[in-house]
Amino acid sequence: MTDAAEPLDRAKAAKPVPKPGILDIHAYVPGKAKADGVENPIKLSANENILGSSPKAREAFVSAADEMQVYPDSRTGILRDAIAQRFRLEPERLIFGCGSDEVFALLNQAFLEPGDNIVQGEYGFAAFAIGAHACQAQVKLAREPGYRIDVDEMLKTVDDRTRLMFLANPGNPTGTWIPFSEVLRLHAALPPSVILVLDGAYSEFATDPAFQDGLDFARGTDNIVVTHTFSKLHGLAALRVGWGYAPAEIAAAVDRIRLPFNTSIAGQRAAVAALADDDFQARSIAHVDQWRAWLAQQLGGLGLEIAGPSATNFVLAGFPRTAGKTAGDADDFLSARGLLTRRVLNYGLPDHLRITIGLEEHNRAVVDALSAFMKA
Ligand SMILES: *Cc1c(COP(=O)(O)O)cnc(C)c1O
């Protein structure tokens, strides 16, 4: 943190100065979508759904084209009802946002005063911290030994200024997960004044029976918010639809500060259709399930260290320093061949690349390219 300007200094400044802390924030860096000199690169840098999106969602999206002049339903009613029904949740406990990113931001805004803090894993998703810093709150990081959330480390990091704890399970960029028994142990030891946010952005890809997203358990608690998104499994990242299931009081608090029309008609309709398309969801999960095991095994065979096992639609690959092959060089090597992966320097992981599971030919191309890179 740089020295924060006093309010007096800001009043006397020659030009407007943002409030303290804002300029210390590292703006979110999205995954690369372009490579110099390569036409139609393969984007494996943002964990999007490689199968695209549901044809039914596309149809619903197109249907909204005739109503672009109309404000969307501020309650996100059709999607609220669809989600409430599908997951047997109380409709009024749902929060909608411009992606789940906005749900995180709203929670931060409603619960953080300057000097408060949030707790997250040391490799925790960047969007959590950006919103907290914007509220002039601190971000406290809990160690993640072996690239995995450690419940005791998370609990140790809590103090009396902690208002929220963010836990992406499975995590991004690590891809790792913790069993629900561990989440329960975490919740039981957490002060009841702290909100536990269980970010389930990748939860559908976590197929181990010891995993749960927490929706069922959250029903009976006063301090758990479970979030989900249409950006990953459902392949609707462009439409920006996310949601949270919160205790009624938290949902009501957030509802006071959200922008009135924060989900679009096209987004609402496409999400309703996507939610009902079980076939597309099942195909997406089966594809990821098959290829992430293959990719992890192949990359491991090249001498890379794969965090995991991954329960997401990507793998985190570590380049051992001893091999003299760096993640940065590998990223350049892949980019030059039209394969876009994600560097994760901003997560304190300079020796890793995050690679989204692609179609068969993409995955094979990644392995072939990295094999050539490691041998070169
Ligand atoms: C992609 C992702 C999200 C979802 O973001 P949206 O704003 O809903 O697109 C949430 N959490 C994590 C950890 C993610 O990787």
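The residues of the chain are indexed from 1 along the displayed sequence. Note that the coordinates shown come from a computational prediction; the quantities given were computed from them, not determined experimentally. Indexing begins at 1, ligand by ligand and atom by atom, following the structure's order.
Taking a cutoff of 4.0 Å between a charged side-chain nitrogen and a carboxylate oxygen, E39 and K34 do not qualify as a salt bridge. Residues E48 and K43 are paired through a salt bridge, judged by an N-O separation under 4.0 Å between the basic side chain and the carboxylate.
For ligand 1, the atoms closer than 4.0 angstrom to any heavy atom of A201 are 2 (C), 3 (C), 10 (C), 11 (N), 12 (C), 14 (C). Contact atoms of ligand 1 toward N172: 13 (C), 14 (C), 15 (O) (distance under 4.0 Å to a heavy atom of the residue). Atoms of ligand 1 lying under 4.0 Å from any heavy atom of S231, numbered from 1 in the order shown and given with element: 6 (P), 8 (O), 9 (O). Atoms of ligand 1 lying under 4.0 Å from any heavy atom of G99, numbered from 1 in the order shown and given with element: 6 (P), 7 (O), 8 (O).
Grouping Ile, Leu, Val, Met, Phe, Trp and Tyr by side-chain contacts under 4.5 Å, direct or through others, puts W177 with F211.
Here the CG-OH distance, from D216 to Y245, works out to 9.0 Å after rounding to the nearest 0.5 Å. Atom-to-atom distance recorded for L155:CG and H187:NE2 is 11.5 Å, nearest 0.5 angstrom.
Contacts between F230 and ligand 1 below 4.0 angstrom, taking non-hydrogen atoms only, are absent altogether.
The protein non-hydrogen atom at the shortest distance from atom 7 (O) of ligand 1 is R240 NH2, 2.7 Å. Scanning all protein heavy atoms for the shortest distance to atom 1 (C) of ligand 1 gives K232 NZ, 1.2 Å. In terms of protein heavy-atom proximity, atom 4 (C) of ligand 1 is closest to S100 OG, 3.2 Å.
Scanning D199, T312, N169 for the heavy atom closest to atom 13 (C) of ligand 1 points to D199.
Annotation: salt bridge (Lys or Arg N to Asp or Glu O under 4.0 Å) contacts involving residues 318-342, sequence neighbours excluded, comprise K32-D331, R321-D351.
Cluster annotation: L164 is not connected to L190 through the hydrophobic network of ILVMFWY side chains, with a link wherever side-chain heavy atoms come within less than 4.5 Å.
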